[in-house]
Amino acid sequence: QVVLVESGGGLVQPGGSLKLSCTASGFPFFSTYAMSWYRQASGEERELVAAINSAGGSTNIADSVKGRFTISRDNRKKTVSLQMNSLKPDDTAAYYCKASRGLENYWGQGTQVTVSS
């Protein structure tokens, strides 16, 4: 079956950096899926952080993280990454990757990012 697995989360100091990775398996045509990262803080709704199209040539970044986060993908490795710099306590959340194609949506189970002193 289609599986997405996130990794790279953890505890980091404010101003620090983390790189999240999402590895896809069971995708016959991974390169046809748009990929995105969402996050959900405790007690909050899940929100879109960043998205990248199938070819990797177009991205959308949420205003709250624009200039600090970068999304990228490697279709050969079937991975999507989220480079997070200048992290703030407000970035603390569970981060999820999603694969989308037409009406299809697949979610990973999430990885926790905690930004704290």
Side-chain angles (χ1 to χ4, degrees):
Q1 74 275 30
V2 172
V3 177
L4 298 171
V5 179
E6 301 95 335
S7 63
L11 175 65
V12 65
Q13 301 289 323
S17 297
L18 282 176
K19 186 176 183 179
L20 305 183
S21 295
C22 176
T23 300
S25 62
F27 285 81
F29 302 99
F30 175 78
S31 63
T32 67
Y33 289 80
M35 300 296 296
S36 58
W37 286 94
Y38 286 72
R39 68 185 182 186
Q40 186 168 23
S42 180
E44 303 290 335
E45 296 182 349
R46 190 170 298 186
E47 64 176 350
L48 176 67
V49 176
I52 187 168
N53 71 349
S54 58
S58 180
T59 63
N60 290 113
I61 310 296
D63 288 342
S64 60
V65 303
K66 190 174 183 179
R68 300 187 296 120
F69 289 13
T70 302
I71 187 171
S72 61
R73 68 189 295 160
D74 186 329
N75 286 336
R76 187 184 68 82
K77 295 181 178 180
K78 297 183 179 180
T79 61
V80 60
S81 299
L82 184 69
Q83 178 65 52
M84 306 185 294
N85 299 323
S86 302
L87 284 162
K88 304 174 181 179
D90 285 349
D91 296 320
T92 296
Y95 284 72
Y96 302 84
C97 66
K98 185 178 78 170
S100 303
R101 187 179 69 181
L103 299 179
E104 298 179 70
N105 293 291
Y106 301 98
W107 293 87
Q109 66 179 12
T111 185
Q112 179 67 35
V113 172
T114 301
V115 185
S116 176
S117 299

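Only heavy atoms go into these numbers, but all of them, side chains included; no hydrogens, no water, no symmetry mates.
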Original post:
Do Glu104 and Tyr106 touch side chain to side chain, with heavy atoms closer than 4.5 Å?
Top reply: yes

**OP:** Kindly compute the distance separating CG (Asn85) from OG1 (Thr70), expressed to the nearest 0.5 Å.
**Re:** 6.5 Å

Original post:
Got a second to check how far Arg73's CZ is from Ser54's OG, nearest 0.5 Å?
Top reply: 6.0 Å

Original post:
For the residue pair Arg39 and Ala93, what are the closest heavy atoms and their distance?
Top reply: CB-CB, 3.8 Å

Original post:
Atom OG in Ser117, atom CG in Leu11: separation rounded to 0.5 Å?
Top reply: 9.5 Å

Original post:
Leu18 and Phe69: same hydrophobic cluster, using ILVMFWY side-chain contacts below 4.5 Å?
Top reply: yes

Subject >> Least distance between heavy atoms, Val80 atom then Trp37 atom >> reply: O-CZ2, 3.7 Å

**OP:** Measure across Ala62 and Leu48 and return the closest heavy-atom pair with its distance rounded to 0.1 Å.
**Re:** CB-O, 3.5 Å

Original post:
With a 4.5 Å limit on heavy-atom distance, are the side chains of Ser81 and Ser21 in contact?
Top reply: yes

Subject >> Partners meeting side-chain contact (heavy atoms from CB on, under 4.5 Å) with Ala24 (sequence neighbours left out) >> reply: Leu4, Phe27, Phe30, Lys78

**OP:** Spell out, as yes or no, whether a donor-acceptor pair under 3.5 Å connects the side chain of Arg46 to the backbone of Ala94.
**Re:** no

Subject >> CE-NZ distance between Met84 and Lys19, expressed to the nearest 0.5 angstrom >> reply: 11.5 Å

Original post:
Does any N or O in the side chain of Arg68 come within less than 3.5 Å of the main-chain N or O of Ser86, such that one atom is a donor and the other an acceptor?
Top reply: yes

Original post:
So, Asn75 side chain and Ala55 main chain: donor-acceptor pair closer than 3.5 Å or not?
Top reply: no

Subject >> Single-linkage hydrophobic cluster Ile71~Tyr38, side-chain heavy atoms < 4.5 angstrom >> reply: no

Original post:
For the hydrophobic clusters of this structure (ILVMFWY residues joined by side-chain heavy atoms under 4.5 Å, transitively), does one cluster hold both Trp107 and Leu82?
Top reply: no

Original post:
Gln109 and Val5: side chain to side chain contact (heavy atoms under 4.5 Å, CB included), yes or no, with the steps?
Top reply: CA-CA 7 Å; Gln109 66 179 12; Val5 179; 5.9 Å; no

Subject >> Beyond-backbone contact of Met35 with Ser100, side-chain heavy atoms, under 4.5 angstrom >> reply: no

**OP:** Work out which heavy atom in Val113 is nearest to a heavy atom in Gly9; give both atom names and the distance.
**Re:** CG2-CA, 4.1 Å

Original post:
What is the minimum heavy-atom distance between Val115 and Lys88, and which atoms define it?
Top reply: CB-O, 3.2 Å

Subject >> Residue pair Gln83 / Ser17: nearest heavy atoms and the distance that separates them >> reply: NE2-CB, 4.0 Å

**OP:** Find the distance between OG (Ser25) and CD (Gln1) and round it off to the nearest 0.5 Å.
**Re:** 7.5 Å

Subject >> 4.5 Å side-chain heavy-atom contact, Leu20 and Glu6 >> reply: no

